[in-house]
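Hydrogens, waters and symmetry mates are skipped; everything else that's a heavy atom, side chains included, is used.
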Amino acid sequence: MGTSTRPASNSSAVSSKTLRRKNSKTNLHSHFGTPGNPTKRRLIAVLGDKATANKKIVELNNRALSFYTNGDFQNASALFQEAASLRKQDVWMVDTRLAHCDDPPPSSYIYQRMDFDEGMHVFANAEAIRVDDQPNEVAAILLFNAGQARRRMNEHDDASRYYNRALHTLCPSPDHVGIQGGIHPVIIPILHNIGQLHYRLGNLNEAIQTYKTAEKHCRSLHGNDDITVSMTLNCLGVLYYHMSADESQQALEYFKAALHIHSKVLGKDHEEVATILNNLGRVHVQRDEFDEALVYYEQALIIRRFRLGPDHIDYAATAFNAGQSLHQKGEYDRAIQLYQEFLDVALVKFSKNHRDVAVVMSGIAQIYQERKEYDKALALYNESLAVGKAALGERHSEVAMLLNRIGNFHFEQDNLDAALHAYRSGLEIEQEVLEPGHPNIIVTLSNIGEIYRQRNEFVEAIRLYKQALDLQKARHGDIHVDVASTLNAIGLIYDQKGDVNTALKYLQEALTLRRSILGEDHLDVAATLTYLGTIFYRKNMISSAMQLFTDSLKTREEHLGLDARDVAFTRYNIGLCHQVQGSFSEAIECFKETLRVEQIVLGGDHRDVSMTMYKLGEAYKAHGDLSKALEMFQSALHIERNTVIHDDPATVARTLNEIGNIHLARGDVIPMMDAFNEAARIFRVSGLSATSMSVSGQLYAFDISCPEAAPAA
């Protein structure tokens, strides 16, 4: 839910002399001097026997633990360092820092780790020294404790040095980091904190390897059903969740294993169990499995409300997550209620000018948009943007995200100028703060390209989509589902531009990729088959078009069922092919089934319903069933008078023309003239000549009553 400030990098270790000046009241270092100081060496000599020195080290550690527990991390750090330097004088010899990514931009999940509990930072305390601990174990504990204090002081580079030195003390070579008998249990918190710092810096692969090593030690030291095992499994689940949606199955498996042990050890209503439940919900959202997500979120909400209270930020975080799933399911009232619960807590815990307040405001704005309450939506979008800028500054990736949502709003309103302005503003920020191939940049380029497509500015649209394609190939390689989607989009633009051959090239490449990556029976494959079918239909390659539409229909029926609009659309196309081939009975069946679904999905007076009725009327007429043809044309006319009479009057005139032709064929002269006269009038009003009318057939009834060879009366 937001992103974090970047952790301080390359912060140098605070010297003992500096600490002494900062803490002159306690004068902590005056007894023992600084690391490497002769005063300290003389003291060790005076202490004499090893037992006395060990006792002093334990004393220092205990005093430091007291400071640490009370939140005085600076004094705790100084004492831990004193004790460590008594045990070993080369604390500063090894500079093992966590490697930073190449200035990665802030990311949403890094921020969430700071404010909301994912169950990642579970070993946050310093460790006591046991009387039977060996010298290297004591040194490792002291170094680890010094790292803990530095970390709580937000000196993460120093903390990582201490953690890695502690690990090196227990395991002098990489070969020793694996499982070995008799290793001290402090290895587990050391590895957890090293892994957590890797995670915080975005080094997810390194973090995963560290936590997997920790898992082995947990099982070796404590058994398979120990709480440390489930804590580590949860951390691995979080890491795989953040890796990518492709790793979601592994994330689920780790979370479920962690949940089993946590519930067994702590009980099913423990707040740490709620953390894992919340994490499981997030993975299901990542997989677009919103019903499954809500099952876990609702359980987490019950536990967190009972254990933490409705004013706790972790309860609010789950409320927000559940609200998002409800939003996706179209349950808007409950979604807004949960969003508001989050806002009530966030406004107290944070302030109005907080990034998560901005995100939730934009979520509520999306609901208003989907409810077609556009004035409320736009006002809230603008407010969320102002809050986001106040919280993060003008040039931040989340501000760009809010601008993109505003662009989507204007795009839906067909306000392409305002949409283009918002998208361009967002793109400018994204190109400044994100790495060149970031998915957000690719999406925004595609959005801008789509605006140019709708403006029929095809050259610019193709340029932008090709730019997005180049970034996708650089990021993913040539064989990736996103690459296939962009190839598909470029193909459609070339088709709209009238360059059918180039369109076929891109669409066929997209189809090949989608089949190889997704398999034959994927909905994206069905979509490309349909697009190719429409091109072949227009090229009068009806048999090829029919085969493509039929393959698409099979997949769509399997995935969507018989009553889906995409299924009806594909069946309509097959009906057109039958109609062109003269198979009117088959065409009628296709159009009738299309009409049935459209009336369910769209309602009785939708423009698409009237189009299907018109085609069904044509098929009945060609089949010789004039009564049913007239019924369909009249039903289509009724809808057209209510939907397109002002925007597309020529369509109404065309249907009247067909009604006139049916009456002509039946010998109904008066209704024929009424229909033809009104059609001619509407053609003229719409700027077309009355000669646009088409009078087909002849007076069949007249021919029957007065055939040419009939004898004279």
Side-chain angles (χ1 to χ4, degrees), residues 13-16 18-20 22-35 40 43-44 47 50-89 91-92 120-156 158-170 183-197 214 217-218 221-222 227-228 231:
V14 180
S15 70
S16 303
T18 304
L19 280 176
R20 196 160 59 244
K22 288 182 179 177
N23 298 285
S24 56
K25 289 179 70 175
T26 55
N27 201 27
L28 290 173
H29 287 274
S30 60
H31 298 96
F32 301 104
T34 59
K40 182 193 69 177
L43 177 60
I44 293 175
L47 288 173
K50 192 173 180 181
T52 304
N54 286 344
K55 182 178 178 182
K56 196 66 183 177
I57 289 169
V58 172
E59 245 176 52
L60 282 170
N61 190 67
N62 289 342
R63 286 177 59 201
L65 285 173
S66 178
F67 279 120
Y68 189 95
T69 302
N70 291 325
D72 187 349
F73 304 115
Q74 194 167 55
N75 281 333
S77 175
L79 285 174
F80 286 137
Q81 184 183 332
E82 292 269 5
S85 58
L86 282 178
R87 171 57 58 196
K88 202 167 186 70
Q89 297 182 37
V91 171
W92 302 101
M120 287 295 290
H121 199 189
V122 291
F123 291 98
N125 294 326
E127 296 288 321
I129 296 172
R130 303 179 306 192
V131 293
D132 58 343
D133 286 336
Q134 298 300 308
N136 70 315
E137 296 170 345
V138 171
I141 292 169
L142 293 170
L143 290 163
F144 169 73
N145 287 347
Q148 292 289 74
R150 292 288 182 173
R151 182 167 180 186
R152 297 299 287 270
M153 294 161 64
N154 290 321
E155 296 177 6
H156 299 105
D158 284 347
S160 75
R161 270 202 298 274
Y162 279 115
Y163 294 147
N164 280 283
R165 186 62 183 148
L167 182 63
H168 180 74
T169 301
L170 282 180
I183 197 163
H184 195 281
V186 77
I187 188 74
I188 296 171
I190 290 171
L191 288 167
H192 261 260
N193 279 275
I194 291 172
Q196 216 270 344
L197 281 182
H217 283 293
C218 291
L221 288 164
H222 303 304
I227 194 70
T228 60
M231 287 175 175

| Any donor and acceptor pair, going by atom type alone, linking the side chain of E127 with main-chain N or O of I141 inside 3.5 Å? | no
| query | Distance-only, no hydrogens or angles: does the N61 side chain make a donor-acceptor pair with backbone N or O of L142 under 3.5 Å? | reply | no
Nearest 0.5 Å, what's the [atom1]-[atom2] distance between [X] and [Y]?
{"X": "H217", "Y": "L191", "atom1": "NE2", "atom2": "CG", "answer": "5.5 Å"}
{"X": "F67", "Y": "D72", "atom1": "CZ", "atom2": "CG", "answer": "5.5 Å"}
{"X": "I188", "Y": "L221", "atom1": "CD1", "atom2": "CG", "answer": "5.0 Å"}
{"X": "T228", "Y": "H222", "atom1": "OG1", "atom2": "NE2", "answer": "4.5 Å"}
{"X": "C218", "Y": "H192", "atom1": "SG", "atom2": "NE2", "answer": "5.0 Å"}
{"X": "L170", "Y": "I190", "atom1": "CG", "atom2": "CD1", "answer": "5.0 Å"}

What closest approach, in Å, do [X] and [Y] show between heavy atoms, and which atom pair accounts for it?
{"X": "A126", "Y": "L65", "result": "CB-CD2, 3.3 Å"}
{"X": "A159", "Y": "L197", "result": "CB-CD1, 4.4 Å"}
{"X": "S77", "Y": "R150", "result": "OG-NE, 3.1 Å"}

| Given N193 and F144, is the side chain to side chain contact (heavy atoms under 4.5 Å, CB included) satisfied, shown in steps? | CA-CA 9 Å; N193 279 275; F144 169 73; 3.6 Å; yes
| request: Begin with the C-alpha distance, continue with both residues' side-chain angles, and end with the deciding distance and a verdict on side chain to side chain contact (heavy atoms under 4.5 Å, CB included) for H184 and R130. | output: CA-CA 11 Å; H184 195 281; R130 303 179 306 192; 3.4 Å; yes
| task | Applying side-chain hydrogen bond (donor to acceptor under 3.5 Å, both in side chains), run through Q148 and Y162 and close with a yes or a no. | result | CA-CA 8 Å; Q148 292 289 74; Y162 279 115; over 6 Å; no
| task | Please test L143 against L167 for side chain to side chain contact (heavy atoms under 4.5 Å, CB included), starting from the C-alpha separation and ending with a verdict. | result | CA-CA 9 Å; L143 290 163; L167 182 63; over 6 Å; no
| request: List the steps, then state whether side chain to side chain contact (heavy atoms under 4.5 Å, CB included) holds for E137 with I129. | output: CA-CA 9 Å; E137 296 170 345; I129 296 172; over 6 Å; no
| With sequence neighbours excluded, what pairs up with F73 under the side chain to side chain contact (heavy atoms under 4.5 Å, CB included) test? | Y68, R152, M153
